[in-house]
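So the structure is just underneath, and the comments pick up after that.
Keep in mind that what you see is a predicted model, and the values were worked out from it rather than measured. Read the numbers this way: they start at 1 and go in the same order the structure lists the ligands and their atoms.
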Amino acid sequence: MRRSVITATGSYLPERIVTNAELAEKVDTSDEWIVARSGIKQRHIAADGELTSDLATKAAQAAMDSAGLTADDIDLVLLATATPDETFPATAATVQKNLGITRGFAFDLQAVCTGFIYALATADNFIKAGQVTRALVIGAETFSRIIDWEDRTTCVLFADGAGAIVLEVSEQEGTNQDRGVLTSHLHADGRHHDLLYVDGGPSSTQTTGYLRMAGREVFKHAVNNLASVVGEALEATGLEPHDIDWLIPHQANKRIIDSTGRKLKMDPAKVVVTVDIHGNTSAASVPLALDVAVRDGRVKKGDVLLLEAMGGGFTWGSALVRY
Ligand code: ACO
């Protein structure tokens with residue numbers, strides 16, 4: 001059967017690092033509170049004039065370089081983002097242009113922090129259907145632009161960054177031993193809009209708006225939804241928690257990550273954690289964490305990866321992938 005194999009990864013983080021101590025000079029918070037409640041110690045923030053498309057282009061270029069590909073090899077650019085450069089055109093089209101790609105198609109996908117899982121599942125289905133051979137799947141965000149920097153309940157959590165993968169067709173046997181995306185599971189429940197949203201937009205206020213979050217409520221939903229969607233992926237494949245080599249979760253909060261890891265009875269050493277140094281980069285967080293673990297040698301060819309995320313909408317999802 002046609003499978004979609006991750007053949008390369010890449011990522012990019014803006015140069016500027018903002019520590020908790022620096023934030024504590026601007027809002028009433030402390031390094032102790034931020035570390036205890038979220039696990040975050042520092043985050044990267046884009047420079048003035050540095051756009052989501054710039055971050056996405058650098059991450060995608062790194063993935064293409066790793067795979068030894070050129071612009072002509074790519075027939076889909078799929079960018080998950082909640083912070084596009086402009087209302088339209090799609091930021092993916094700008095990334096396509098920046099990379100010198102003139103064939104195929106490009107579009108943005110919006111599922112906030114679950115964006116990369118949605119994009120991975122979408123590209124996988126295009127590949128399985130025979131419509132795409134080789135896709136760049138990217139998560140990129142400049143959340144610093146939609147943060148109310150006077151709101152201490154949110155400004156300490158979110159950050160900027162980008163991660164990308166090359167997803168490529170491969171003929172495989174159709175078993176759990178195959179390389180590639182083995183299963184993916186997506187969900188949304190729009191009734192929870194008011195718990196996590198941005199209070200602006202082209203159709204409603206004609207402004208960009210700022211992120212608003214009822215953190216405690218989101219936390220409870222995240223723990224429950226992630227446990228159930230991770231269970232769905234295991235059930236669909238017949239794999240057991242001990243078959244997972246690496247849990248690569250959305251990096252929103254160390255306590256949520258620990259709770260999902262505990263439910264799976266995962267050895268904490270098998271859980272990739274970057275929230276401490278990256279903060280919550282929304283759709284960029286999973287591919288960023290994946291690239292970190294590939295480049296430092298933890299994730300190896302043939303490893304079983306469990307990716308999961310939860311975000312505004314609410315949206316949530318998981319994917320089981322043999323790397
Ligand atoms: N510094 C110091 N004190 C603070 C800060 C801060 N930065 N922020 C809030 N507090 C205070 C609150 O005012 C509150 O004070 P009170 O008890 O006097 O009212 C107290 O700390 C506790 O606040 P809680 O909100 O109950 O703290 P909690 O333990 O829930 O942690 C957090 C907050 C980190 C936001 C947590 O709830 C969380 O991580 N939620 C989930 C976030 C998430 O997963 N988002 C998902 C995806 S994001 C996306 O899709 C864009």
ask   = How about atom 43 (C) of ligand 1: does it have a protein heavy atom within less than 4.0 Å?
value = yes
message = So for S282, does at least one of its heavy atoms come nearer than 4.0 angstrom to any atom of ligand 1?
response = no
inquiry  = Looking only at side-chain N and O atoms, does D54 offer a donor or acceptor that is under 3.5 Å from a partner on T57?
reply    = no
task = Would you check whether L157 reaches within less than 4.0 Å of ligand 1, judged by its heavy atoms?
result = yes
message = Counting non-hydrogen protein atoms only, what is the nearest one to atom 28 (P) of ligand 1? Give residue, atom name and distance.
response = R37 NH1, 3.5 Å
request  = With the side chain counted from C-beta on, respond yes when T315 and H187 share a heavy-atom pair under 4.5 Å apart, and no when they do not.
outcome  = no
inquiry  = Among F143, F314, W33, which one puts a heavy atom closest to atom 5 (C) of ligand 1?
reply    = W33
key: Residue and atom name of the nearest protein heavy atom (relative to atom 45 (N) of ligand 1), distance in Å to one decimal   = V218 CG1, 3.6 Å
message = Can you classify the ring geometry of H192 versus F314 as parallel (below 30°), tilted (30 to 60°) or perpendicular (above 60°)?
response = parallel
query = Does N253, backbone or side chain, put an N or O under 3.5 Å from an N or O of ligand 1?
reply = yes
remark   = One finds that the ligand 1 atoms under 4.0 Å from a non-hydrogen atom of L196 are 48 (S), 49 (C), 50 (O)
inquiry  = With no hydrogens and no angle check, just 3.5 Å: does a side-chain donor-acceptor pair link N176 and T237?
reply    = no
request  = Looking only at non-hydrogen atoms, find the nearest pair between I6 and R179 and report the distance.
outcome  = O-NH2, 3.6 Å
key: atom 37 (O) of ligand 1 protein-contacted, heavy-atom criterion under 4.0 angstrom   = yes
message = Can you tell me which portion of V112 lies within the under-4.0 Å heavy-atom range of ligand 1? Options are side chain, backbone, both, or neither.
response = side chain
message = At less than 4.0 angstrom from any non-hydrogen atom of F158, what atoms of ligand 1 do you find?
response = 48 (S), 51 (C)
inquiry  = Minimum distance, heavy atoms only, to atom 26 (O) of ligand 1: which one of M310, R216, R255 is it?
reply    = R216
task = State the atoms of ligand 1, each with its element, that fall below the 4.0 Å cut-off from a heavy-atom position in V156.
result = 7 (N)
ask   = For D28, is the nearest heavy atom under 4.0 Å from an atom of ligand 1?
value = yes
query = Taking only heavy atoms of N280, which atoms of ligand 1 are found under 4.0 Å from at least one of them?
reply = 48 (S)
remark   = Among G311, S285, C113, A252, the residue with a heavy atom nearest to atom 51 (C) of ligand 1 is C113
message = Suppose I only count heavy atoms of G312 and a 4.0 Å limit; which atoms of ligand 1 are within that range?
response = 49 (C), 50 (O)
key: Under 4.0 Å to a heavy atom of T29 - the qualifying atoms of ligand 1, by number   = 1 (N), 2 (C), 6 (C), 7 (N)
